[in-house]
Amino acid sequence: MAKSPSTTLTTIRAPATYSTAEREFGLLLKQRLDELLRGKRNRLELLRKYPNDAGRLGVIATPEACAVDRLRLHTLEQLTLDVLRFLQADAQGGPIAQILDADGGLSEVQTFPTRYPHIVIERVDRFGEGLEPISITWCLYRLQDQRVEPRFNRLLGAANLLFEFVRLVN
């Protein structure tokens, strides 16, 4: 498997060997991540793996114009895992919550912190009858509504400035 193009910040590297469709996917992935970080999106289902089916992978929704048949699974997985590595904080995940599905399956949900306090990674393992998961999904969630929060923070900042001004005048 080819090494990820985003391995380190300062090393010299050769360009990644992406197809046109993979370049488009990479740009779309970056755009969706930027939307999440800027508060224009509150959820991003990033990756779904099927441990018993190596030829199957779930990734972010792509536009109809994207040539899906020209996307290599290992490249898609690598690009998506790079996003998880970029966000992940060096911390353990939270407690594992078990949920019984309507179809008799079991899901285990675990939340992981990221470098951004308002975004978490949620991992969901779905089990059938066996001990191995049927699928593992990683999803990014925003914990605060970025559209409301900045206005409130600006009001608090203005109030603090006013209090400082009054304190200096007295």
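Note that these values count all heavy atoms, side chains included, but never hydrogens, waters or copies made by symmetry. Everything numeric here is computed off the predicted structure, so don't read it as measured data.
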Report summary line: OG of Ser135 to CG of Leu47, rounded to nearest 0.5 Å, is 10.5 Å

Requested in this report: Nearest 0.5 Å please: distance from the CG atom of Leu84 over to the CZ atom of Arg123.
Outcome: 10.5 Å

**Report entry** Non-hydrogen side-chain atoms of Ile136 and Pro51 separated by less than 4.5 Å
**Finding:** yes

Query raised in the report: What residue pairs, at least two apart or across chains, pass salt bridge (charged side-chain N to carboxylate O under 4.0 Å, His left out) with a residue in residues 87-99?
Result: none

Query raised in the report: Is Ile12 isolated, or which residues cluster with it under the ILVMFWY side-chain rule of less than 4.5 Å, directly or via members?
Result: none

**Report entry** Results of side-chain contact (heavy atoms from CB on, under 4.5 Å) for Val120 - residues two or more places apart only
**Finding:** Thr111, Tyr141, Leu143

Query - Ser19 side-chain N/O to Arg70 backbone N/O, donor-acceptor pair under 3.5 Å - result: yes

Requested in this report: Only pairs at least two apart or in different chains count here, so list each salt bridge (charged side-chain N to carboxylate O under 4.0 Å, His left out) that has a residue in residues 91-105.
Outcome: Asp101-Arg126, Asp103-Arg126

Query raised in the report: Does the side chain of Leu79 reach to within under 4.5 Å of the side chain of Tyr18, using non-hydrogen atoms?
Result: yes

Query - Salt-bridge criterion met for Lys40 and Glu35 (N-O under 4.0 Å) - result: no

Requested in this report: Would you give the length of the straight line joining atom CD of Gln78 to atom CG of Leu73, rounded to the nearest 0.5 angstrom?
Outcome: 13.0 Å

Query raised in the report: Do the side chains of Asn52 and Ile134 get nearer than 4.5 Å, heavy atoms only?
Result: no

Query raised in the report: Measuring from Leu29:CG to Asp82:CG, what's the distance to the nearest 0.5 Å?
Result: 9.0 Å

Query raised in the report: Which residues pass the side-chain hydrogen bond (donor to acceptor under 3.5 Å, both in side chains) test with Thr137, sequence neighbours left out?
Result: Arg48

Requested in this report: Check side-chain contact (heavy atoms from CB on, under 4.5 Å) between Gln92 and all other residues, then give those that pass, not counting sequence neighbours.
Outcome: none

Report task. Look at the side chain of Thr114 and the backbone N and O of Ile119, then say whether any donor-acceptor pair between them is shorter than 3.5 Å. Result -> yes

Report summary line: Quick note, salt bridge (charged side-chain N to carboxylate O under 4.0 Å, His left out) partners involving residues 112-122, not counting sequence neighbours, are none

Query - Rounded distance [0.5 Å steps], OG1 in Thr62 versus CG in Leu71 - result: 7.0 Å

**Report entry** Sequence-distant partners of Arg56, salt bridge (charged side-chain N to carboxylate O under 4.0 Å, His left out), two or more places apart
**Finding:** none

Requested in this report: May I have all residue pairs that pass salt bridge (charged side-chain N to carboxylate O under 4.0 Å, His left out) and include part of residues 14-32, sequence neighbours excluded?
Outcome: Glu22-Arg72, Lys30-Asp34

Query - Residues that, via side-chain heavy atoms closer than 4.5 angstrom, fall in one hydrophobic cluster with Val124 - result: Ile99, Val109

**Report entry** Heavy-atom side-chain proximity of Arg43 to Cys139 below 4.5 angstrom
**Finding:** yes

Report task. Identify whether Leu140 and Phe86 are in the same connected component of the hydrophobic contact network (ILVMFWY, side-chain heavy atoms under 4.5 Å). Result -> yes

Report task. Check whether any side-chain heavy atom of Leu81 lies under 4.5 Å from a side-chain heavy atom of Arg85, and answer yes or no. Result -> yes

**Report entry** Partner residues of Glu108 under the salt bridge (charged side-chain N to carboxylate O under 4.0 Å, His left out) criterion, sequence neighbours left out
**Finding:** none

Query raised in the report: Between CG of Leu46 and CH2 of Trp138, what distance do you get to the nearest 0.5 Å?
Result: 9.5 Å

Report summary line: Tracing side-chain contacts under 4.5 Å among Ile, Leu, Val, Met, Phe, Trp and Tyr outward from Leu100 reaches Leu106, Phe127

